[in-house]
Amino acid sequence: MKNNKAASSPLLDKAGAKPGLFAKNGTTTIISSFISIIIGMAIGSIIVAVVAIFNDSIDARSAWEGIRLIFLGVFSTGRDSAGSLTFGFNPTNFGDMLFRATPIILTGLSVAVAYKTGLFNIGASGQYLMGTAATLAIALSVPSATVPPVVIWILAFLGGIAAGAVWGAIPGLLKSLLNINEVISCIMTNWIAANLVTWFFDANPQFKNASESGKTAYICKTTSNGVATSKMFLDKIFPGSQVNGCIIIAIVIAIIVYIVMNKTTFGYQLKACGGNRYAAKYAGINDKRNIVLSMAIAGGLAGSAAALYWLSGNTEFYWATYQALPTEGFNGIPVAFLAANNPIGVIFTGILMSMLNIAGLQIKNLTTYNEYLTDIIIAVIVYLSSFVLIIKTFLAKRAVKKNDKKSDEAVVETVVFDDDMKPAAENNGEAAE
């Protein structure tokens with residue numbers, strides 16, 4: 001009797017082959033986002049050079065400094081005695097970057113949650129404004145002399161979330177009950193919110209900052225009532241910056257959103273409605289309820305962004321909002337798309353957008369350029385974020401083709417031979433005879 005030996009192949013066949021590293025969804029997402037960001041920065045560098053060419057007051061050295069600050073602005077430590085730019089760990093820049101990242105992360109989560117459920121929440125700006133109004137009204141109207149500031153902080157934070165959730169639920173109701181496109185209703189609610197908030201603060205002068213001349217259109221900081229977010233020892237790590245515990249709260253919220261969306265039945269139902277509303281309904285999922293809940297959650301996240309930002313006590317709210325909608329709501333769109341709507345990825349893309357804002361301030365303070373240069377870069381990245389899916393598809397196809405080619409080369413090695421180097425099928429035939 002002859003023993004059959006199998007020569008094992010280093011690769012599985014095509015049906016069972018595992019995708020390579022560059023064919024995985026997470027890898028292609030990171031690479032696609034990185035490409036979009038690099039292209040945006042490269043275009044910004046080209047603009048810096050072009051401006052220098054056509055402006056006699058800007059020399060080649062200034063142009064080179066502008067380009068360096070685009071990429072390394074957050075590491076800028078000013079100029080040395082010779083007037084040259086210096087770079088290193090700047091705790092003030094890093095702390096301010098984390099402070100500015102907080103609302104962008106949360107509005108990015110707002111867009112990401114809605115998109116995961118098949119909805120495009122372009123109303124984060126309006127939800128942010130409603131959260132602003134509720135937060136400041138509660139924080140400034142409840143007397144801290146009788147109510148502990150920490151209790152006021154909690155009430156104001158929850159009030160901001162509730163106001164944003166209610167405002168977000170309106171487009172959700174219109175979508176679920178009347179099938180009105182949420183993009184249209186979100187745009188309308190944005191401007192309604194802007195005018196409502198303007199009217200509210202204009203009609204309640206007790207919230208205005210009357211202690212400083214020339215600030216008639218500004219609302220008092222929450223610190224005027226003794227209400228401010230704890231630093232949570234971050235000021236020891238980043239001295240001289242505006243950072244506080246809000247960034248930690250935002251990261252915790254992002255983790256909770258990730259768990260809810262990916263590890264719970266409720267999150268599965270929301271995503272099922274986003275994948276195919278009618279198939280989800282056929283499977284017994286209440287599609288109308290989930291659409292409303294999805295937009296309410298998205299609105300609540302945008303409202304929490306406003307609550308954390310204004311409860312920091314670092315800045316004053318300019319109540320004449322009808323002139324422009326808050327940029328945090330729109331910046332949340334590229335933050336979500338660059339992260340492929342992954343709640344954990346939103347943390348990093350939000351910090352990246354904030355880093356570009358800090359770079360803009362450094363360009364303004366240290367060169368003859370203005371900070372609007374980084375607005376152009378962010379605008380380019382916003383535009384390219386819509387192409388992330390295309391780039392991902394292209395990279396994935398290339399990786400799959402390369403993997404298939406390797407599989408074709410290895411499949412010939414899977415034929416089984418016996419001791420006489422004859423195909424096993426032939427020997428089986430001989431044995432049968």
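Computed from a prediction, not measured in an experiment: that's the story for all the values here. All heavy atoms count here, side chains included; hydrogens, waters and symmetry mates do not.
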Non-hydrogen side-chain atoms of L325 and L129 separated by less than 4.5 Å
yes
Is there a side-chain contact between N90 and V74 (heavy atoms, below 4.5 Å)?
no
Does the pair T229 and W153 meet the rule for a side-chain contact (heavy atoms from CB on, under 4.5 Å), with working shown?
CA-CA 8 Å; T229 307; W153 190 98; 2.9 Å; yes
Crowding at NZ, K281 (>12 non-hydrogen neighbours, <6.0 Å):
no
Taking only residues two or more places apart in sequence, or in another chain, which ones meet T327 in a side-chain contact (heavy atoms from CB on, under 4.5 Å)?
N331
If you round to the nearest 0.5 Å, how far is CD1 of I351 from OG1 of T102?
8.5 Å
Greater than 12 external heavy atoms within 6.0 Å of F266's CZ:
yes
Hey, does L270 have a side-chain heavy atom less than 4.5 Å from the side chain of M261?
yes
I want to check something: taking the side chain as every heavy atom from C-beta on, are T315 and K221 in contact at a cut-off of under 4.5 Å?
no
Apply the side-chain contact (heavy atoms from CB on, under 4.5 Å) test between V113 and each candidate in L119, N121, V257; give the one that qualifies.
V257
pair L98-L234: side-chain heavy atoms closer than 4.5 Å:
no
For the student: nearest non-hydrogen atoms of A101 and S354, plus distance
N-OG, 3.4 Å
Counting only heavy atoms not in F89 (residues, nucleotides, ligands), do more than 12 fall under 6.0 Å from its CZ?
yes
For V51, is there any backbone N or O sitting under 3.5 Å from a side-chain donor or acceptor partner on N55?
no
Mark yes when over 12 heavy atoms from residues, nucleotides or ligands other than Y115 sit less than 6.0 Å from its OH; otherwise mark no.
no
Listed pairs under 3.5 Å, donor-acceptor, residues 295-302 side chains, sequence neighbours left out:
none

For the backbone of L72 and the side chain of S76, can you confirm whether one donor and one acceptor N or O come within less than 3.5 Å of each other?
no
For the student: nearest non-hydrogen atoms of N341 and V111, plus distance:
OD1-O, 4.5 Å
Tell me, do F238 and F99 make a side-chain contact under 4.5 Å, heavy atoms counted?
no
Other residues, nucleotides and ligands only: do more than 12 of their heavy atoms fall within 6.0 Å of CZ on F71?
yes
Spacing of OG1 belonging to T222 relative to CD1 belonging to I152, to within rounding of 0.5 Å:
10.5 Å
Nearest 0.5 angstrom please: L311 CG to T132 OG1, how far?
10.0 Å
Ignoring hydrogens and geometry, is there a side-chain-to-backbone donor-acceptor pair from S125 to P326 under 3.5 Å?
yes
Could you check whether any side-chain N or O of K288 sits under 3.5 Å from a backbone N or O of L177, counting only pairs where one atom can act as donor and the other as acceptor?
no
Residues K175, I180; criterion side-chain contact (heavy atoms from CB on, under 4.5 Å); working and verdict:
CA-CA 5 Å; K175 174 73 174 181; I180 296 175; over 6 Å; no
Verify, without hydrogens or angle tests, whether S144 (side chain) and P149 (backbone) share a donor-acceptor contact under 3.5 angstrom.
no
Interatomic spacing from CD1 in I184 to OG1 in T189 - rounded to 0.5 Å:
12.0 Å
Below 4.5 Å, heavy atoms only, C-beta onward: do N181 and F120 meet side chain to side chain?
no
From CD1 (I285) to NZ (K271), nearest 0.5 Å
12.0 Å
Using a cut-off of 6.0 Å, state whether more than 12 heavy atoms not belonging to D56 lie near its atom CG.
no
Of all the heavy-atom pairs spanning L174 and S185, show the shortest one and how long it is.
CD1-CB, 3.8 Å
Side chain Y369, main chain V48, donor-acceptor under 3.5 Å:
yes
Could you tell me whether the side chain of T77 and the main chain of T86 form a donor-acceptor pair under 3.5 Å?
yes
From CA spacing to verdict: side-chain contact (heavy atoms from CB on, under 4.5 Å), V335, I105
CA-CA 7 Å; V335 164; I105 289 171; 5.9 Å; no
Do I249 and V252 have side-chain heavy atoms sitting under 4.5 Å apart?
no
Main chain of Q242, side chain of D96: is a donor-acceptor contact present, judged purely on distance under 3.5 Å?
yes
Taking all non-hydrogen atoms of both residues, which atom of V197 and which atom of A133 are closest, and how far apart?
CG2-CB, 4.0 Å
Let me confirm one number: the CG-CD1 distance from N262 to I344, rounded to the nearest 0.5 Å.
9.0 Å
Return the minimal non-hydrogen interatomic distance between A114 and S294, and the atom names on each side.
CA-OG, 3.8 Å
Determine yes or no for a side-chain-to-main-chain donor-acceptor pair under 3.5 angstrom, with N225 supplying the side chain and S141 the backbone.
no
S110 side-chain N/O to L106 backbone N/O, donor-acceptor pair under 3.5 Å
no
Under 30°, 30 to 60°, or over 60°: which ring-plane class applies to W310 and F317, parallel, tilted or perpendicular?
perpendicular
CA sep, side-chain torsions, deciding dist, call: T117, C273, side-chain contact (heavy atoms from CB on, under 4.5 Å):
CA-CA 6 Å; T117 56; C273 288; 5.7 Å; no
For the residue pair F94 and F75, categorise the inter-ring angle as parallel (less than 30°), tilted (30 to 60°) or perpendicular (more than 60°).
perpendicular
Shortest non-hydrogen contact from A359 toward L69
CB-O, 3.5 Å
